[in-house]
Visitor: 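Quick one: the structure is below, questions incoming.
Indexing begins at 1, ligand by ligand and atom by atom, following the structure's order.
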Amino acid sequence: MAISDAYEAVIGLEVHTQLLTRSKIFCGCANEFGAAPNHNVCPVCMGMPGVLPVFNRRVLELTIRVGLATHSQISERSIFARKNYFYPDLPKGYQISQYERPLCVGGYIELPTGNGAPRRIQLARIHLEEDAGKNIHRPTASLVDFNRSGTPLLEIVSEPELRSAEEATAYLRELRSILRYLEVSDGNMEEGSFRCDANVSVRPCGATELGAKTEIKNLNSFKFVEKAIKHEIERQTAVLKAGGKIMQETHLWDPERGETRPMRSKEYAHDYRYFPEPDLPELYVPPELVEQIRAQAPEVPAARRARYARDLSLSAYEIDVLTQEREVGDYFEAMVAAGIETKAAANWTMTEVLRASNESTETFSNAVPPPAQTAALLKLVAQNEISLNAAKTAFAAMCKSGQDAATTVKALGLAQVSDEATISQVCDQVLSAEADKVAQFHAGREKLFGFFVGQVVKAMKGNANPKVVNEVLKRKLAMAGRPSPSDLPSSGA
Ligand code: ADP
Ligand code: ZN
Ligand code: MG
């Protein structure tokens with residue numbers, strides 16, 4: 001056994017996601033990103049003495065939606081707790097969170113594994129809390145913006161069941177995809193609405209106890225999560241191999257240096273002096289509410305993957321790409337519903353549609369034409385009215401202009417010429433211009449046939465129907481190969 005195989009990594013992730021509600025969790029201030037500093041604030045979210053929080057019912061509904069989509073148990077009774085700590089962006093001196101009795105317990109997320117059975121990662125809990133404000137450090141002063149304070153946050157905590165950096169990233173992608181399918185979060189990592197802390201430990205293979213862990217904070221992209229975890233696994237493995245001990249610490253990922261740095265020794269739950277929040281009553285979730293939300297639950301990515309695998313002949317890779325974002329899958333399905341063959345709709349969605357949306361700064365639905373128009377375009381290809389290349393050109397133009405397929409094809413002169421007389425004329429021109437090559441062809445260089453086709457297509461600016469060009473050229477070259485009647489020795493006369 002190689003030495004590096006003697007240890008295994010253990011990873012558990014804590015994800016914080018901001019919920020897409022109109023107002024904050026305990027007050028009526030707007031929950032929006034990007035407002036002028038300290039614009040969306042009130043005495044409640046600024047932590048003034050004597051104010052009282054009022055729980056936002058929408059937050060509860062969105063959390064239950066996530067709980068159901070992750071197969072969690074929804075607690076009929078849960079409580080809020082005060083988590084006490086001092087920080088300039090936390091004027092109350094405590095954060096309202098959940099500690100004992102969170103809203104969702106258990107549950108799991110299934111990761112696709114190509115054609116095999118999905119890999120199931122258990123969740124420990126999903127609980128609610130309020131976000132803190134934001135400190136902004138300038139050379140001469142530190143400023144605090146309380147707009148974010150009181151933003152509803154969901155914390156989704158996995159069991160320590162992930163075994164590699166790649167698996168951790170796959171888990172995050174799936175979780176983000178679920179949250180976006182459910183429309184509970186935009187999952188935007190750059191804006192901080194989807195944030196991850198990674199807990200990493202290493203232990204000898206075969207050990208049943210967990211090793212001491214470090215917690216890595218400040219991971220704001222999938223790439224950083226993967227790099228930071230890899231780095232941390234290597235660092236810890238080296239320490240253990242050298243006979244050292246891992247300290248339970250909180251590390252900060254430094255993307256510039258590509259390494260983690262200890263930030264502080266890890267705090268423990270008892271450091272926070274959690275106690276039940278006296279300003280909020282116990283949270284009671286009537287079973288009818290859960291059932292009502294279950295009945296309206298949107299499809300989740302895993303269900304859509306299973307449906308595609310069952311109903312459509314697509315590869316696991318294709319299914320994965322098509323289902324990662326709900327609107328991409330919706331687009332593909334709308335094209336199929338409009339009569340485009342599955343494979344063609346899948347290919348077009350995975351290449352042209354995703355390219356256009358990735359290259360655009362617009363939202364998906366603004367970046368690409370309505371699926372009915374893309375379907376109309378692909379029908380022109382199926383009916384041999386335009387070539388596949390012409391369709392790609394037309395599609396790119398449609399993304400920018402917003403015009404329909406027929407208008408675009410006409411405006412760009414992309415209609416394919418199938419008319420035999422026109423094609424025949426061009427073939428004659430090409431063959432007479434290339435008389436030497438025609439002679440070589442008849443002398444046995446049959447590969448030149450492709451050259452002739454190419455010349456005709458080029459002369460017709462790519463708009464010739466290649467099938468007709470092939471047929472006409474074959475006929476003409478066969479004819480030219482036979483001696484024409486005038487070349488035959490005249491008999492008699
Ligand atoms: P803490 O009290 O230190 O916050 P928790 O038990 O709340 O620890 O777990 C926090 C996260 O850390 C969870 O995602 C959990 O799966 C993960 N975790 C716990 N112990 C370990 C370990 N030894 N190695 C890796 N991850 C761990
Ligand atoms: Zn407020
Ligand atoms: Mg914890």
Visitor: Short question: side chain of N147, backbone of A36 - any donor-acceptor pair under 3.5 Å?
Guide: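 Side chain of N147 to backbone of A36, a donor-acceptor pair under 3.5 Å: yes, one is there.
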
Visitor: Does the side chain of S177 pick up a donor-acceptor pair with the side chain of E174 at under 3.5 Å?
Guide: no

Visitor: Would you give the angle at the Zn ion (ligand 2) between C42 atom SG and C27 atom SG, to the nearest 10°?
Guide: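 It is 110°, given to the nearest 10°.
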
Visitor: How are the rings of Y331 and F364 set relative to one another: parallel (under 30°), tilted (30 to 60°) or perpendicular (over 60°)?
Guide: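 Answer is perpendicular, since the angle exceeds 60°.
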
Visitor: Kindly indicate, with the supporting measurements, whether the criterion ring-ring contact (aromatic ring centres under 6.0 Å, His included) is fulfilled by F55 and F80.
Guide: CA-CA 10 Å; F55 183 51; F80 288 102; 5.2 Å; yes

Visitor: With heavy atoms of V157 as the reference, note each atom of ligand 1 found under 4.0 Å away.
Guide: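 Near V157, the atoms of ligand 1 are 13 (C), 14 (O).
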
Visitor: Working to the nearest 0.5 Å, report the span between CG of L154 and CG of D131.
Guide: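 Output value for this atom pair is 12.0 Å.
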
Visitor: One residue to check: E161. Relative to ligand 1, which of side chain, backbone, both or neither has a non-hydrogen atom less than 4.0 Å away?
Guide: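 It is neither; nothing of E161 touches ligand 1.
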
Visitor: Pick out which of R119, H71, R120 makes a side chain to side chain donor-acceptor pair (under 3.5 Å) with E110.
Guide: R120

Visitor: Under 3.5 Å, N or O to N or O, is I11 touching ligand 1 that way?
Guide: no

Visitor: Going by heavy-atom distance to atom 25 (C) of ligand 1, choose the closest among V10, L13, L123, I121.
Guide: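 Closest candidate by heavy-atom distance is V10.
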
Visitor: Should you measure from each heavy atom of N199, which atoms of ligand 1 turn up under 4.0 Å away?
Guide: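 With N199 as reference, the close atoms of ligand 1 come out as 11 (C), 12 (O), 17 (C), 25 (C), 26 (N), 27 (C).
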
Visitor: Distance under 4.0 Å to a non-hydrogen atom of E159: what atoms of ligand 1 satisfy this?
Guide: 16 (O)

Visitor: Does a donor on one side chain sit under 3.5 Å from an acceptor on the other, for S97 and E129?
Guide: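 On atom types as modelled, these side chains qualify, holding a pair under 3.5 Å.
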
Visitor: Of the listed options (S158, A9, A124), which comes nearest to atom 15 (C) of ligand 1 when hydrogens are ignored and any heavy atom counts?
Guide: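 Residue with the shortest heavy-atom distance to the ligand atom: S158.
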
Visitor: Would you call E130-K24 a salt bridge at under 4.0 Å N-O?
Guide: no

Visitor: Taking N or O atoms only and a 3.5 Å limit, does S201 qualify as a polar contact for ligand 1?
Guide: yes

Visitor: With rounding to 10 degrees, what does the angle C45:SG / the Zn ion (ligand 2) / C29:SG come to?
Guide: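 Roughly 110°, rounded to 10°.
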
Visitor: Quick check: G211 and ligand 1, any N/O pair under 3.5 Å apart?
Guide: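 Such a contact does occur with ligand 1.
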
